[in-house]
Amino acid sequence: LNNLHKNEFNLKFVVIGDFGVGKTSIINRYVDGEFSQKYCITIGADFSLKTIEWDDDTRIFLQLWDIAGHEKFSSLTGVFYRHSVGAAIVFDLTRPETFNSVPQWLNDLRRKTQLPDGKNIPVVILANKGDMTVDTMPQEITDFCENNNILAWYITSAKSNIQIDEAMIRLIMESLNPIE
Ligand code: GDP
Ligand code: MG
């Protein structure tokens, strides 16, 4: 009976970033609650669907789009980004050079996406593999977020299941109730 009264939302988020940073692992962790040490090379583009009973009145069908193959920001087409309402840009804390690609990923995303009202889609940055011992560069990341209209950033781990739910919830909240 309840189901008849639920508001249902389809949300599409894209997960982007360099090869090997953990995009597929983050999606698998979030959607299936699993982690695998293996490299699973995604071919082309792929999406996973998670149904979320958000609250008594709201059900969300969340599509998480994953890229594959040669993760080159320039090669992503409009089809991959089309109708996306949120994005996670992932880099690998153990390979700081993958943070250097974040501006290019963001630039490509901004060129190819916008909300129906013309605004930028909300973006979070995931500094992944936070289970490893690394020198973090929090100030650099915080500055980048402030200067580039990034919603938030999180140190995540797909392996240890750290802060992935939090990041997704933040993006979902922003998509449902954008802050003016
Ligand atoms: P993608 O190319 O961005 O999709 O990266 P994958 O999800 O395929 O992950 C690349 C490699 O990093 C795999 O061997 C994963 O097991 C590993 N990996 C992914 N996330 C984490 C993490 O949070 N911690 C650790 N230690 N390894 C991870
Ligand atoms: Mg992958």
Side-chain angles (χ1 to χ4, degrees), residues 11-50 52 62-113 121-138 140-142 144-145 148 150-172:
L11 300 180
K12 173 180 172 178
F13 292 169
V14 293
V15 181
I16 56 180
D18 285 354
F19 178 72
V21 294
K23 299 179 297 296
T24 304
S25 301
I26 286 169
I27 293 171
N28 290 346
R29 168 61 79 186
Y30 185 61
V31 174
D32 302 323
E34 281 171 6
F35 178 77
S36 158
Q37 210 68 241
K38 286 182 306 196
Y39 265 90
C40 299
I41 313 273
T42 326
I43 307 294
D46 198 8
F47 74 85
S48 302
L49 185 67
K50 187 178 173 81
I52 303 165
L62 179 63
Q63 283 182 17
L64 290 173
W65 284 59
D66 193 8
I67 49 166
H70 311 285
E71 273 99 329
K72 273 304 232 339
F73 43 86
S74 53
S75 66
L76 282 178
T77 65
V79 175
F80 178 78
Y81 284 119
R82 188 165 301 147
H83 303 312
S84 55
V85 294
I89 304 178
V90 186
F91 74 96
D92 179 344
L93 279 168
T94 69
R95 290 185 297 136
E97 69 274 16
T98 61
F99 179 67
N100 298 336
S101 305
V102 170
Q104 293 163 309
W105 286 107
L106 181 65
N107 186 46
D108 191 54
L109 176 83
R110 294 274 199 240
R111 283 200 304 120
K112 294 175 182 170
T113 61
I121 71 170
V123 179
V124 295
I125 291 177
L126 308 183
N128 193 42
K129 310 197 187 181
D131 55 282
M132 315 274 278
T133 319
V134 287
D135 286 334
T136 52
M137 53 302 215
E140 205 183 331
I141 306 170
T142 303
F144 181 81
C145 290
N148 290 280
I150 305 290
L151 200 57
W153 72 276
Y154 299 85
I155 294 177
T156 60
S157 168
K159 185 177 185 180
S160 306
N161 195 16
I162 297 169
Q163 294 233 100
I164 293 171
D165 288 356
E166 287 81 352
M168 293 301 172
I169 286 169
R170 185 81 176 79
L171 263 187
I172 293 168

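Each ligand, and each atom within it, is numbered from 1 in the order the structure gives.
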>> Counting only heavy atoms, tell me which of Ser25, Gly130, Ala158, Ser160 gets closest to atom 19 (C) of ligand 1.
In response: Ser25
>> Restricting to side chain to side chain contact (heavy atoms under 4.5 Å, CB included), what partner residues turn up for Ile169, sequence neighbours left out?
In response: Trp54, Met173
> Which atoms of ligand 1 sit under 4.0 Å from any heavy atom of Ser157?
Replying inline: 23 (O)
> So, is Gly22 polar-close to ligand 1, with some N/O to N/O distance under 3.5 Å?
Replying inline: yes
> Would one find an N or O of Lys23, backbone or side chain, under 3.5 Å from an N or O of ligand 1?
Replying inline: yes
> Which part of Val21 is near ligand 1, with near meaning a heavy atom under 4.0 Å away: side chain, backbone, both or neither?
Replying inline: both
>> Quick check: closest heavy atoms across Arg29 and Ala158, and the distance to 0.1 Å?
In response: NE-O, 2.8 Å
>> I need the minimum non-hydrogen distance between Cys145 and Ile125, along with the two atoms involved.
In response: SG-CD1, 4.0 Å
>> Testing the basics here: between Ile121 and Ser84, what is the closest heavy-atom pair and its distance to 0.1 Å?
In response: CG2-O, 3.5 Å
> Which ligand 1 atoms does Met132 reach within 4.0 Å, using its non-hydrogen atoms?
Replying inline: 26 (N)
> So which bit of Asn128 gets within less than 4.0 Å of ligand 1, heavy atoms only: side chain, backbone, both or neither?
Replying inline: side chain
>> Using the side chain to side chain contact (heavy atoms under 4.5 Å, CB included) criterion, which residues pair with Gln63? Sequence neighbours excluded.
In response: Lys12, Phe47, Leu49, Trp65
>> Nearest 0.5 Å, please: how far is CZ in Arg95 from CG in Asn100?
In response: 11.5 Å
>> Minimum heavy-atom separation for Ser160 and Asp131, please, with both atom names.
In response: OG-CB, 3.4 Å
> By number and element, which atoms of ligand 1 are closer than 4.0 Å to a non-hydrogen atom of Thr24?
Replying inline: 4 (O), 7 (O)
>> Using 2.8 Å as the threshold, say whether any N, O or S atom from Thr24 sits that close to the Mg ion (ligand 2).
In response: yes
> With atoms numbered from 1 as shown, which atoms in ligand 1 lie under 4.0 angstrom from a non-hydrogen atom of Asp131?
Replying inline: 22 (C), 23 (O), 24 (N), 25 (C), 26 (N)
